[in-house]
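For reference, the structure is listed below as structure tokens.
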2 protein chains.
Amino acid sequence: MSAKMIRYYEEIGLIKAARRANGYRDYDANDVSVLQFIRRTRDLGFSLEEVANLLALWRDRKRPSRDVKKLASQHIEDLERRMRAMRAVVRTLKTLADHCHGDERSDCPILDDFASAPAKKAARKHAHA
Amino acid sequence: MSAKMIRYYEEIGLIKAARRANGYRDYDANDVSVLQFIRRTRDLGFSLEEVANLLALWRDRKRPSRDVKKLASQHIEDLERRMRAMRAVVRTLKTLADHCHGDERSDCPILDDFASAPAKKAARKHAHA
DNA sequence: GCTTGACCTTCCCATTATGGGAAGGATTAG
DNA sequence: CTAATCCTTCCCATAATGGGAAGGTCAAGC
């Protein structure tokens, strides 16, 4: 975690840092664990806005665990949605690549598709290809 | 595809647009197919930089299809890499969520993990948890 | 005690792809 | 002719991060 990011997190209000007399930032053990929390949640793909919500839940020790689980579940669903979309794209690209010679010849079904397929998704379910 | 984006694509040199006498942009059938090409490749997750490369290959009708296939394959691998990472995150989050009551009680293994897991990936293979 | 290097600070800029909105000119409908 | 609509350019904002300049501070060496 870069110093730049720590300053940025402070700027957007995610963390508050005490300063020493000389203006240098000073982090106690608690500040450090907040930073680790941020690092961990960022690594798990939560946006900084979501991290802020999770931090709030973490700090409020009386909140129902349901609230936390809900945020986590929503994030899981978001990731799964995005993975489904990516998988569809990969399928399409693999099909195209499979039909491309991939040699010295210049004709290429990949570019042919890029140049001509409006790809309306639902409409393409019954399109010819 | 918004007018804003068309202007932006022109600005970064992806497309060139003829102007009418009054300064209005004018797109002929060829310009439109370039725009459709961009739309299609963007929908398939290529970055604008990659789109520019693909467009160059498209315009150079003598390039070997191998070059096109290579770009497509790299993009597929990139997507698969990202999907693997996301899948790992989803697995982790699901495990955490499974162990969370998700009710009125406040204790929550999800936040406990966020607060304590440095998650060193390789190092964690043998970590205690 | 002073110099030097390492580290800290703030401030500004760039990135990627997109949208919002203002100010003003062109065209078209009535 | 006027009013609405469409076009233009220009500036700003977004999310999360990095780069780098200009300047203050601290610690080590002599």
Side-chain angles (χ1 to χ4, degrees), chain A residues 1-28 31-32 34-56 71 74-75 77-79 81-83 85-86 89 93 114 118-119 121, chain B residues 1-28 31-32 34-56 71 74-75 77-79 81-83 85-86 89 93 114 118-119 121:
Chain A
M1 172 173 273
S2 72
K4 270 284 169 64
M5 278 304 100
I6 293 181
R7 295 187 195 113
Y8 177 63
Y9 297 155
E10 184 185 340
E11 187 190 326
I12 63 173
L14 260 196
I15 56 179
K16 43 106 205 73
R19 301 305 183 96
R20 289 196 298 237
N22 53 20
Y24 284 19
R25 287 176 181 76
D26 202 4
Y27 301 99
D28 62 21
D31 296 334
V32 171
V34 172
L35 289 173
Q36 282 175 341
F37 185 102
I38 296 174
R39 164 81 166 272
R40 173 71 169 147
T41 49
R42 288 291 297 137
D43 285 349
L44 290 174
F46 289 96
S47 71
L48 286 182
E49 192 183 355
E50 291 167 326
V51 170
N53 294 333
L54 290 168
L55 266 176
L71 285 192
Q74 285 173 351
H75 186 51
E77 278 163 33
D78 183 38
L79 289 170
R81 222 184 339 269
R82 283 151 57 187
M83 284 169 62
M86 290 169 82
V89 166
L93 285 175
F114 291 173
K121 264 216 168 69
Chain B
M1 172 173 273
S2 71
K4 270 283 169 65
M5 278 304 99
I6 293 180
R7 295 188 195 113
Y8 177 63
Y9 296 155
E10 184 185 338
E11 186 190 329
I12 64 173
L14 260 196
I15 56 180
K16 42 105 206 77
R19 303 304 185 94
R20 287 196 300 237
N22 54 18
Y24 285 20
R25 286 175 180 76
D26 201 5
Y27 300 100
D28 60 22
D31 296 334
V32 171
V34 171
L35 289 173
Q36 283 175 339
F37 185 101
I38 296 174
R39 165 81 164 271
R40 172 72 170 146
T41 48
R42 289 291 299 137
D43 285 349
L44 290 175
F46 289 94
S47 72
L48 285 181
E49 193 183 354
E50 291 167 327
V51 171
N53 295 332
L54 291 168
L55 265 176
L71 285 191
Q74 284 173 351
H75 185 51
E77 279 163 33
D78 183 39
L79 289 171
R81 220 181 344 266
R82 283 151 58 188
M83 284 170 61
M86 291 169 82
V89 166
L93 285 175
F114 290 174
K121 265 213 166 73

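Chain letters run A, B, ... following the sequence lines, proteins first, then strands; residues in each count from 1.
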Worksheet item: Can you check whether L44(B)'s main-chain N or O pairs, donor with acceptor, with H75(B)'s side chain at less than 3.5 Å?
Response: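 Checked: pair present.
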
Worksheet item: Under 3.5 Å, is there a donor-acceptor pair between the side chain of Q74(B) and the main chain of L71(B)?
Response: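 Here the side-chain-to-backbone pair does not exist.
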
Roughly how far, to the nearest 0.5 Å, is [atom2] of [Y] from [atom1] of [X]?
X      : Y      : atom1 : atom2 : value
E11(B) : M5(B)  : CD    : CE    : 9.5 Å
D26(B) : R20(B) : CG    : CZ    : 5.0 Å
D31(A) : R25(A) : CG    : CZ    : 11.5 Å
L14(A) : E49(A) : CG    : CD    : 10.5 Å

Worksheet item: For DNA chain D, which residues in residues 5-19 of chain A have a heavy atom at a distance below 4.0 Å?
Response: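 Here the set is M5(A), Y8(A), Y9(A).
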
[atom1] of [X] versus [atom2] of [N]: gap in Å, rounded?
X      : N       : atom1 : atom2 : result
F46(B) : dA17(C) : CZ    : C1'   : 17 Å
E49(A) : dT17(D) : CD    : C1'   : 18 Å
Y27(A) : dT9(C)  : OH    : C1'   : 11 Å

Fill in: Contact letters for nucleotides 20-28 of chain D, in which S counts primed atoms plus P, OP1 and OP2 and B counts the base, heavy atoms under 4.0 Å
B---BBS--

Practice prompt. Would you indicate whether the side-chain heavy atoms of Y9(A) and V34(A) approach each other to under 4.5 Å?
Written response: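 In short, these two side chains do not touch, never coming nearer than 4.5 Å.
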
Practice prompt. Give the nucleotide from the list dT18(C), dT9(C), dA16(D) with an atom nearest to the side chain of R42(A).
Written response: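 The listed nucleotide nearest to R42(A)'s side chain is dA16(D).
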
Worksheet entry | Lys/Arg-Asp/Glu bridge criterion (N-O < 4.0 Å) met for R81(A), D78(A) |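 Salt bridge present between R81(A) and D78(A).
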
Practice prompt. Check whether any side-chain nitrogen or oxygen of R25(A) sits under 4.0 Å from OP1 or OP2 of dT10(C), and answer yes or no.
Written response: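 Indeed, a polar side-chain atom of R25(A) lies that close.
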
Worksheet item: Quick one: on DNA chain D, does S2(A) or G23(B) contact a more 5' nucleotide (nearest heavy atom)?
Response: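 Nearest-nucleotide comparison on DNA chain D picks G23(B).
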
